[in-house]
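First the structure, in the form of structure tokens, and then the observations on it.
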Amino acid sequence: MLDEWGADFVVFHSRFAGVFGRNEPRAQAATYLRGLMAQVQRKNSWQVAEAVGDRIPDATQRLLYRAHWKADAARDELQQYVIEVFGDEEGIGVVDETGFIKKGKRSAGVKRQYSGTAGKVENCQIGTFLSYATVKGHVFLDRRLYLPQEWCADPERREKAKIPEEVVFRTKPQQAVAMLEHAWQQGVPMRWVAGDEVYGDAPELRDAIAEAGKLYVLGVRSHKPVWTERPAVIEPQAQERGRPRTKARLAEDAPPAPTVAAVVAAWPEWRWQRLTVAEGEKGRVTYDWACQRIVENSNGLPGRDAWLIARRSLNDAQEIAYYLSNAPVETPLLEMAQVASQRYTVEQCIEEAKGETGLDEYEVRLWHSWHRHITLSVMAHTWLAAMRYRANQEKGALNRS
């Protein structure tokens, strides 16, 4: 593809000229991007150097470790490119994380922790990602390295990994909020946000999306409590004696909040609809879907009115996925199911970047070096996605003619 679209790659890379400043890192960034897209077995520093004609990987190491440029500035420019090529008012932001298996204890943020990539606890780093899905394709918008609490509280490890002082512990949902808010500030058009249970179970993420005027369809675990009717709440009142109450509380006769699994289990069969909402690798993907208006549980108190959505497997009626959505009451079930089904696109971005642009094949240990490599990898992935979109557009134009 580089041979066919070489001129476009030059134009694409020139957008980032101000990020890299001096000629040497700017030229090496272009070289590294080409190496990340090269057809080599493993994209470690030596093989990338060999693929692009460098005798040794010293120039790449300088780019990732010592050259003066900011990965966040490159990220911002990339977001503007995404707006221009893929931007859509109906766009969907999707949040997820992935693990990077590592040896040793010195790489920033590494520890034995659960990795969905491996499906078990491994010694790894975790990256949190925000992707963007529209009818034109799916690409990355942002990335964060997850820093476990024990790293945050260990000055010696932080110093060795060059972790900036301003970096403090953030949960993955909090990282997702930061990435979403930055994308919105950058002007990325987005109507919906999707994500799995890690994110849907976090009230602060749901609140941030709603307060920004966006809609969400987020997975939640089966034991997530909700109310089918809004319970009574007692607001704090002035008291003549004793410590005054400062927080609202449920009324004593308020019903307990059942779990989403219990609510769905009570649904009659007529509520379910068989819908085909996406195309999978093996053809059309069909499930049974259903929904009901509920009241969200926000830290033990009733929150916003929302939708509880459930997706049931055709092969196993016990295999049910649950979602919450703040979509308006008139929103069709099909539309919400389609948004929920777009969550896989972030996994596809991660899989493509690991397979095509060396997302997980880095050999860096420092905080800023991780963000530099990951940023360059997602830049390469985004450019490839743009070229595929253009090729499909040209193919479609030829077919119509």
Side-chain angles (χ1 to χ4, degrees), residues 1-17 19-20 26-45 47-53 60 63-64 71 74-88 91-94 96 98 100 127 129-143 183 188 279 281 342 344-362 371-398:
M1 185 171 285
L2 266 173
D3 293 337
E4 184 178 357
W5 300 102
D8 193 281
F9 175 77
V10 172
V11 173
F12 171 76
H13 181 258
S14 68
R15 296 178 64 107
F16 300 88
V19 172
F20 297 102
R26 185 164 61 244
Q28 189 58 34
T31 299
Y32 192 56
L33 286 168
R34 290 176 179 273
L36 291 174
M37 293 184 283
Q39 298 297 314
V40 295
Q41 186 175 4
R42 289 201 72 250
K43 292 174 181 176
N44 57 36
S45 57
Q47 291 200 10
V48 168
E50 183 178 346
V52 298
T60 290
L63 177 71
L64 298 180
R75 181 268 322 270
D76 290 350
E77 183 58 43
L78 184 65
Q79 289 187 356
Q80 295 306 310
Y81 179 78
V82 169
I83 293 171
E84 294 172 19
V85 178
F86 298 95
D88 187 332
I92 304 171
V94 191
D96 199 9
T98 190
F100 300 94
F129 289 85
L130 170 64
S131 70
Y132 187 58
T134 73
V135 294
K136 301 174 184 178
H138 49 268
V139 291
F140 290 101
L141 283 174
D142 208 341
R143 70 290 169 268
V188 177
E279 291 285 341
E281 294 181 358
Q342 287 299 302
Y344 85 95
T345 56
V346 67
E347 297 175 354
Q348 195 165 346
C349 281
I350 292 169
E351 182 179 351
E352 290 169 353
K354 286 184 177 182
E356 298 175 5
T357 62
L359 186 74
D360 59 340
E361 295 181 337
Y362 54 87
H371 285 88
R372 287 181 173 190
H373 166 82
I374 297 296
T375 301
L376 290 163
S377 175
V378 302
M379 284 168 58
H381 176 271
T382 301
W383 181 77
L384 289 174
M387 294 305 98
R388 291 191 188 104
Y389 170 64
R390 178 181 296 182
N392 289 335
Q393 289 290 98
E394 293 178 355
K395 182 178 178 181
L398 288 174

Side chain to side chain contact (heavy atoms under 4.5 Å, CB included) assessment of His138 paired with Ser131
CA-CA 7 Å; His138 49 268; Ser131 70; 5.9 Å; no
Considering residues at least two apart in sequence or located in another chain, which fulfil the side-chain contact (heavy atoms from CB on, under 4.5 Å) criterion with Gln80?
Arg15, Glu77, Ile83, Gln186
Distance from Tyr81 atom OH to Thr382 atom OG1, nearest 0.5 Å?
8.0 Å
Rounding to 0.5 Å, atoms CD (Glu351) and CD (Gln348) come to a distance of 7.0 Å
Donor-acceptor pair, side chain of Ser377 and main chain of Thr357, under 3.5 angstrom
yes
Is the shortest side-chain heavy-atom distance between Tyr389 and Val135 below 4.5 Å?
no
Start with the C-alpha gap between Tyr362 and Leu64, add the side-chain angles, then the distance that decides, and say whether side chain to side chain contact (heavy atoms under 4.5 Å, CB included) holds.
CA-CA 10 Å; Tyr362 54 87; Leu64 298 180; over 6 Å; no
Using ring pair (Phe, Tyr, Trp, His ring centres under 6.0 Å) as the criterion, list what pairs up with Phe140, not counting sequence neighbours.
Phe129, His381
Looking at residues at least two apart in the chain, or sitting in another chain, which of them share a side-chain hydrogen bond (donor to acceptor under 3.5 Å, both in side chains) with Lys136?
none
Asp96: partners by side-chain hydrogen bond (donor to acceptor under 3.5 Å, both in side chains), with sequence neighbours left out
none
When you look at Leu141 and Val82, which way does the side chain to side chain contact (heavy atoms under 4.5 Å, CB included) test go after all the steps?
CA-CA 8 Å; Leu141 283 174; Val82 169; 3.8 Å; yes
Only one of Met37, Glu352, Met379 clears side-chain contact (heavy atoms from CB on, under 4.5 Å) with Leu384; which?
Met37
Nearest 0.5 Å please: distance from the CG atom of Leu33 over to the CD atom of Gln28.
10.0 Å
Asp76: side-chain hydrogen bond (donor to acceptor under 3.5 Å, both in side chains) partners, not counting sequence neighbours
His182
To the nearest 0.5 angstrom, please state how far the CD1 atom of Ile374 sits from the CG atom of Asp142.
12.0 Å
His373 (side chain) donor-acceptor with Gly358 (main chain) under 3.5 angstrom:
yes
For Leu63 and Arg372, the nearest pair of non-hydrogen atoms, with its separation, is O-NH1, 3.0 Å
What orientation do Phe9 and Trp383 show, parallel under 30°, tilted 30 to 60°, or perpendicular over 60°?
perpendicular
Please name all residues satisfying ring pair (Phe, Tyr, Trp, His ring centres under 6.0 Å) with His371, sequence neighbours left out, ordered by chain then number.
Trp367
Return the set of residues passing ring pair (Phe, Tyr, Trp, His ring centres under 6.0 Å) with Phe20 (not counting sequence neighbours), or none when no residue passes.
Trp69
Taking salt bridge (Lys or Arg N to Asp or Glu O under 4.0 Å) as the test, write out the residues that go with Glu347, two or more places apart.
Arg343
Qualifying residues under salt bridge (Lys or Arg N to Asp or Glu O under 4.0 Å), relative to Asp88, sequence neighbours excluded:
none
Listed by chain and number, what are the salt bridge (Lys or Arg N to Asp or Glu O under 4.0 Å) partners of Arg143, not counting sequence neighbours?
Asp72
Minimum heavy-atom distance Thr134-Gly91, with the two atoms named:
CG2-CA, 4.0 Å
Any chance you could lay out the side chain to side chain contact (heavy atoms under 4.5 Å, CB included) test for Val94 and Tyr344, step after step, and finish with the verdict?
CA-CA 9 Å; Val94 191; Tyr344 85 95; over 6 Å; no
Mark yes or no for whether His13, through its side chain, and Arg26, through its backbone, hold a donor-acceptor pair below 3.5 Å.
yes
In chain order, what residues pass the side-chain hydrogen bond (donor to acceptor under 3.5 Å, both in side chains) check against Thr345, with sequence neighbours excluded?
none
